[in-house]
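These numbers were taken from a predicted model, which means no experiment stands behind them.
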Amino acid sequence: LRLAEDLAAHRTTWASRPTEVELGFNNRCNLLCVMCHQADGIPPQAMPRDKARAVADQVLPFALHLTPSDASEPLINDLDEVVALCRKHDVQMLLYCNGTLLDEATFRRIAPVTHRIWFSIDSPERETFEALRVGARLEQVLANIRTVMPLCAQARIEVGFNAVVMLPNWKQMPELVDLVADLGGTQLSLQE
């Protein structure tokens, strides 16, 4: 309501606060996806822990959700620190992950403070998937997803899937819809 009021009144100083915060504690990823600026060779960087805490302490009291990534793999973060920040500020995580690192043990660490997990999967075909998400193995990603899906259901964590649509995979979207459904997914978001 406050956001609607701020916009309607053309306020320059808003009473509303962000409900979702995207805070990249680092820009590292374990893959080199062709659609990501990581593949352009950006240098890896990490925010010092004390600075990350200071920033989080300023913004998270006004938020509902934290997305702990910046075009990076959120599971490369210091997960104990991220979970502690979420608990401290009563914030739930929204994770966009590539599925390569989310095994059962990792899931159990983050589940108590996780609201939704988005799995990035761009193709149902191994060759295309692995060419787009360099460093990933489709079989391992699918195994991780199959392991985590029932755990998400038990923990009432929402799950979504997303894909970047581009020339190598656009014709595979109907099969990707089928794969997502076979995995138990009910949402697939497509990006150009």
- Query: When rounded to the nearest 0.5 angstrom, what is the spacing between CG in D70 and CD in Q45?
  - Reply: 9.5 Å
- Item | Of I76, L23, L95, the residue whose pairing with P68 passes side-chain contact (heavy atoms from CB on, under 4.5 Å) | L95
- Check: V91 and L85 side chains under 4.5 Å, non-hydrogen atoms: no
- Item | Verify same cluster id: L94, L188 (apolar side-chain graph, 4.5 Å) | no
- Any N26 side-chain heavy atom under 4.5 Å of S72 side chain: yes
- Heavy-atom side-chain contact between I117 and C152 under 4.5 Å: yes
- Task: Output, in order, the C-alpha distance, side-chain angles, deciding distance and verdict of side chain to side chain donor-acceptor pair (under 3.5 Å) for N162 and S120.
- Result: CA-CA 5 Å; N162 64 292; S120 298; 3.3 Å; yes
- Query: Can L138 be reached from V148 by stepping across I, L, V, M, F, W or Y side chains whose heavy atoms are under 4.5 Å apart?
  - Reply: yes
- Please step through side-chain contact (heavy atoms from CB on, under 4.5 Å) for the pair W170 and L167, ending with a clear verdict. CA-CA 6 Å; W170 73 272; L167 192 58; 3.8 Å; yes
- Heavy-atom count around N30 CG within 6.0 Å, excluding the residue itself: above 12? yes
- Message: Counting C-beta onward and ignoring hydrogens, is there a side-chain heavy-atom pair between L66 and L60 closer than 4.5 Å?
- Response: yes
- Query: What distance separates R126 CZ from T128 OG1, expressed to the nearest 0.5 Å?
  - Reply: 9.5 Å
- Query: S16 and L3: which non-hydrogen atoms are nearest, and at how many Å?
  - Reply: CB-N, 3.4 Å
- Query: Quick one: do I121 and L151 end up in the same hydrophobic cluster if we chain Ile, Leu, Val, Met, Phe, Trp and Tyr together by side-chain heavy atoms under 4.5 Å apart?
  - Reply: yes
- Note on the structure: Rounded to the nearest 0.5 Å, the CZ atom of R146 sits from the CG atom of D182 at a distance of 8.0 Å
- Please tell me if the side chains of M35 and R133 come closer than 4.5 Å, counting only heavy atoms from C-beta onward. yes
- Please name the pair of heavy atoms, one in H115 and one in Q92, separated by the smallest distance, quoted to 0.1 Å. N-OE1, 3.5 Å
- Between I157 and L79, is there a shared hydrophobic cluster once you connect ILVMFWY residues whose side-chain heavy atoms come closer than 4.5 Å? yes
- Q38 (side chain) donor-acceptor with N27 (main chain) under 3.5 angstrom: yes
- Under 3.5 Å, side chain of D6 to main-chain N/O of W14, donor-acceptor pair present? no
- dist L179:CG -> Q172:CD (nearest 0.5 Å) comes out at 11.0 Å
- Query: Are L31 and F129 linked, directly or through other ILVMFWY residues, by side chains that come within less than 4.5 angstrom of each other?
  - Reply: no
- Which atom names give the shortest non-hydrogen contact between G185 and M149, and what distance separates them? N-CE, 3.9 Å
- Task: Report yes if some heavy atom in the side chain of F161 is under 4.5 Å from a heavy atom in the side chain of I145; otherwise report no.
- Result: yes
- For the pair N169 (side chain) and V164 (backbone), establish whether a donor and an acceptor sit closer than 3.5 Å, ignoring hydrogens and angles. yes
- Item | Derivation of the side-chain contact (heavy atoms from CB on, under 4.5 Å) call for T147 and D103 | CA-CA 7 Å; T147 297; D103 57 15; over 6 Å; no
- Using a 4.5 Å cut-off on heavy atoms from C-beta on, say whether the side chain of T114 contacts that of M93. yes
- Task: Can you measure from NZ (K88) to CG (D57) and round to the nearest 0.5 angstrom?
- Result: 3.5 Å
- Query: Out of curiosity, C33 SG to L132 CG, how far, rounded to the nearest 0.5 Å?
  - Reply: 8.0 Å
- Item | N-O pairing of E130 and R137 below 4.0 Å | yes
- Item | Heavy-atom pair of closest approach, residues C97 and L102 | SG-CD2, 4.2 Å
- Item | Shortest non-hydrogen contact from V21 toward A63 | CG2-CB, 3.6 Å
- Query: Should V159 and T186 be marked as a side-chain contact (heavy atoms from CB on, under 4.5 Å) after you check the CA-CA gap, both sets of side-chain angles, and the distance that decides it?
  - Reply: CA-CA 8 Å; V159 175; T186 60; over 6 Å; no
- Query: More than 12 non-hydrogen atoms from neighbouring residues, nucleotides or ligands closer than 6.0 Å to CZ on R11, yes or no?
  - Reply: yes
- Pair V82-V113, side-chain contact (heavy atoms from CB on, under 4.5 Å): steps then yes or no: CA-CA 9 Å; V82 174; V113 296; over 6 Å; no
- Message: Would the distance check show the side chain of Q140 and the main-chain N or O of T100 forming a donor-acceptor pair, the cut-off being under 3.5 Å?
- Response: no
- N98 to C29 - nearest heavy-atom pair and separation: ND2-SG, 3.9 Å
- Once the angle between the rings of Y96 and W118 is folded into 0 to 90°, is it parallel (under 30°), tilted (30 to 60°) or perpendicular (over 60°)? parallel
- Message: Donor-acceptor check, side chain of D78 to backbone of D80, threshold 3.5 angstrom: yes or no?
- Response: yes
- Find out whether M173 and L176 are in side-chain contact, i.e. whether some heavy atom of one side chain is under 4.5 Å from a heavy atom of the other. yes
